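A short write-up of the structure that comes next.
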Amino acid sequence: MTERFDHDSLRELVPLYAAGMLSGPERAGVQAHVAECAECAAEFRACRPLDAAFAQSVPQEDPPTSLRDAVLASARRDPPIRRSRESSVGTLAWLAAAAMLLVSAGLGVYVRALQQRIDGLEGQLREALVMLNDSQQRVAVALRAAVDAQAPLAVLTAPDVRQINLTGQRAAPGASARAFWSRSRGVVFTAANLPTLSPGRIYQLWFIAGKTPVSAGLLAPPDAQGSLTSTVATPIDLPNPDALAVSIEPTGGSPGPGPTGDIYLIGAAR
Amino acid sequence: MWILAVLDDRADLGAAASHADADGRAVRRMAAGDERGLAELYDRYARLLYSLALRIVRERSDAEDVLQEAFSQIWRQAHRFDVARGTVAGWLVTVTRSRALDRLRRRKARPESPDGERVAAAILDPSEGIDLQLVTMEAVARVRAALAALPDDQRVPLELAYYEGLSQSEIAARLATPLGTIKTRMREAVRRLRNALAGEKA
């Protein structure tokens, strides 16, 4: 690096550093500077939320429910390292001895009464927390639905929105579809007369750039009439696409970099 | 519930702070070997973290593995986490993003600096915590809008840096653009986002 890391040039990099977008020598240089320059440290703190904003600026999707059990099961197999284990065993032993002493001193009744009272209060607290959690979850679900409902509108009103018409291929000659695509905001995809899916199958949307397919994600299954509407994000780093296509794939999506099943729909993107 | 604090711009910091308290308690439970602490954090943040991981690795099965690894790491390292140094939510995001980027790099079979070293640095560096609960939905929406309004040549480098962990020279190579141009565009782009964050028109 021949560049001179002076205050002015480093200060310009502070927002990128705070957003978690620097690596290598630049990152090290800014990090060291922020540690000793009050002005840049303040700018760094002001810019920290950029990182959080990027972390949250992604389409939200729930993990599969089985994952929770898997995470907890692996934690059970792999207990955390506790340096204080011996001392806590010591404390427990001491407490037990102290309790014995209390009992033998005739205070056992008092201890039991106290324990019952604590148990009762804990029970009440647990119930209150369950109720609170439940109502908070309902509010969160409603908010999520509201946010999700805005996504197609954002695409349709994007300044760079483009319409792509797709026609049915040999596997589905009667099918047709229309996509509205904005590079910045995603794709709203609607299709009609698609064959209903057999179990274990799903439709997947692809951008085709030259000869290279780039997955744009899985589509919601069509209804009984063969209609579906899905909103998906633009794949990152997508070259200018030539076409948009839909293939049939196993439920998890194509196992490879491109379509593995029949192409059902295709349309030129330029 | 943390998401409420984020979604409601007027959510008072008291609510957010009590949330941070609950997170802190969950971490202490984990440090004591009580897996209910882990379950609690999972229930609160799994959706956010899974979505972030999925955006980075682009494959559901990989995103699931990333989440497994991330939660396994925070479970094992809970006793080392110091609530005073940063928020639990920020720690979770940092660990998840690091894990997801590691996986992305491994998948591309591109040798990089050792994983453990960088992840450890991320955890030990107090500046790496994100004050997630201080980011209001309104601020996030402003940054997103500003991001969407950026021309592609400014937006794409930022996304490559954040979601693929590429360095500026790697971005320059990927986009076949001179490094100096990439540096200028990234500085300009992030300056606009920073203005949007501050509530100014970009």
Side-chain angles (χ1 to χ4, degrees), chain A residues 12-13 15-16 19-24 26 31 34-35 44 46-64 67-68 70-72 74-76 78-84 88 133 136-137 139-140 143-144 147 154 158 183-185 215 233 235-237 252-253, chain B residues 1 3-4 6-7 30-33 35 38-39 42 46-48 50-52 54-55 60-61 63-64 67-68 71-72 75-76 78-79 90 93 97 127 130-132 134-135 139-140 143-144 147-148 152 155-156 158-165 167-168 174 186-187 190-191 193-194 197-198:
Chain A
E12 288 198 298
L13 291 174
L16 280 172
M21 294 181 189
L22 280 188
S23 45
E26 274 130 354
Q31 192 169 21
V34 164
F44 170 77
C47 292
R48 283 305 283 155
L50 285 177
D51 190 343
F54 267 84
Q56 292 169 75
S57 291
V58 300
Q60 295 290 299
E61 181 172 327
D62 280 317
L67 187 59
R68 186 180 193 275
V71 163
L72 294 179
S74 80
R76 226 165 285 142
D78 184 14
I81 313 131
R82 272 180 291 156
R83 293 204 173 76
S84 57
S88 69
N133 198 22
Q136 282 181 337
Q137 271 171 7
V139 174
L143 283 168
R144 230 179 262 161
V147 170
R183 179 177 282 278
S184 54
R185 298 182 189 175
S215 174
I236 46 173
D237 201 17
Chain B
M1 191 150 223
I3 194 154
L4 292 181
V6 183
L7 286 175
M30 286 197 297
E35 65 184 58
L38 182 66
Y42 183 92
R47 180 179 163 90
L48 173 85
Y50 178 75
S51 302
L52 175 62
L54 186 60
R55 174 69 171 83
R60 285 187 175 75
S61 60
E64 288 173 36
L67 228 59
Q68 276 258 34
F71 275 105
S72 156
W75 168 251
R76 279 182 282 110
H79 65 281
V93 166
R97 182 171 168 241
S127 64
I130 308 175
D131 290 327
L132 269 176
L134 298 181
V135 187
V140 171
V143 173
R144 287 183 77 162
L147 186 63
D152 284 358
R155 183 178 48 77
V156 171
L158 293 191
E159 291 181 341
L160 289 174
Y162 192 83
Y163 297 115
E164 295 196 32
S167 69
Q168 293 187 328
R174 173 84 76 88
M186 286 181 75
R187 276 201 298 268
V190 84
R191 189 189 62 74
L193 300 188
R194 195 236 178 287
L197 183 68

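Source: prediction; values computed, not measured. By convention in this document, chain letters (A, B, ...) are assigned in the order of the sequence lines, proteins followed by strands, and residues within each chain are numbered from 1.
- Rounded to the nearest 0.5 angstrom, A:Gln60 CD and B:Arg47 CZ are separated by 5.5 Å.
- Proximity of A:Val71 to B:Trp75: side-chain heavy atoms (C-beta onward) are nowhere separated by under 4.5 Å.
- The minimum heavy-atom distance linking B:Arg97 with A:Gly20 is given by the pair NH2-O, 2.7 Å.
- Interface residue A:Ala46: backbone and side-chain heavy atoms are both found under 4.5 Å from chain B.
- Both the backbone and the side chain of B:Leu158 come within contact range of chain A, with heavy atoms under 4.5 Å apart.
- A:Phe54 approaches B:Leu193 most closely through the heavy-atom pair CE1-CD1, 3.6 Å.
- At a 4.5 Å heavy-atom cutoff, the contact between B:Leu52 and chain A is made by backbone and side-chain atoms alike.
- Closest heavy-atom contact between A:Leu22 and B:Gln168: CD2-NE2, 3.9 Å.
- If you tally non-hydrogen atom pairs under 4.5 Å between each of B:Ala161, B:Ala78, B:Ala63, B:Ser72 and chain A, the highest count goes to B:Ala161.
- For A:Arg183, the parts sitting under 4.5 Å from any heavy atom of chain B are the backbone and the side chain alike.
- Each of B:Arg144, B:Arg55, B:Glu159 was checked for a side-chain contact (heavy atoms from CB on, under 4.5 Å) with A:Ser57, and the lone residue meeting it is B:Arg144.
- Proximity of A:Val58 to B:Leu54: side-chain heavy atoms (C-beta onward) are nowhere separated by under 4.5 Å.
- Ranked by non-hydrogen atom pairs under 4.5 Å with chain B, the options A:Pro64, A:Ser184, A:Pro15 are led by A:Pro64.
- Annotation: the span from B:Arg187 atom CZ to A:Leu16 atom CG amounts to 8.5 Å, rounded to 0.5 Å.
- For the pair A:Ala55 and B:Leu48, the tightest heavy-atom approach, listed with the atom from each and the gap, is O-CD1, 4.3 Å.
- Taking all atoms of both residues into account, the shortest heavy-atom contact from B:Met186 to A:Met21 is CE-O, 4.2 Å.
- Closest of all the heavy-atom pairs between B:Tyr42 and A:Pro63 is OH-CG, 3.8 Å.
- Of the atoms belonging to B:Arg155, it is side-chain heavy atoms, and not backbone ones, that fall under 4.5 Å from chain A.
- Both the backbone and the side chain of B:Ala46 come within contact range of chain A, with heavy atoms under 4.5 Å apart.
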Side chain to side chain contact (heavy atoms under 4.5 Å, CB included), that's the test. Do A:Leu72 and B:Phe71 meet it? Break it down for me.
CA-CA 9 Å; A:Leu72 294 179; B:Phe71 275 105; over 6 Å; no
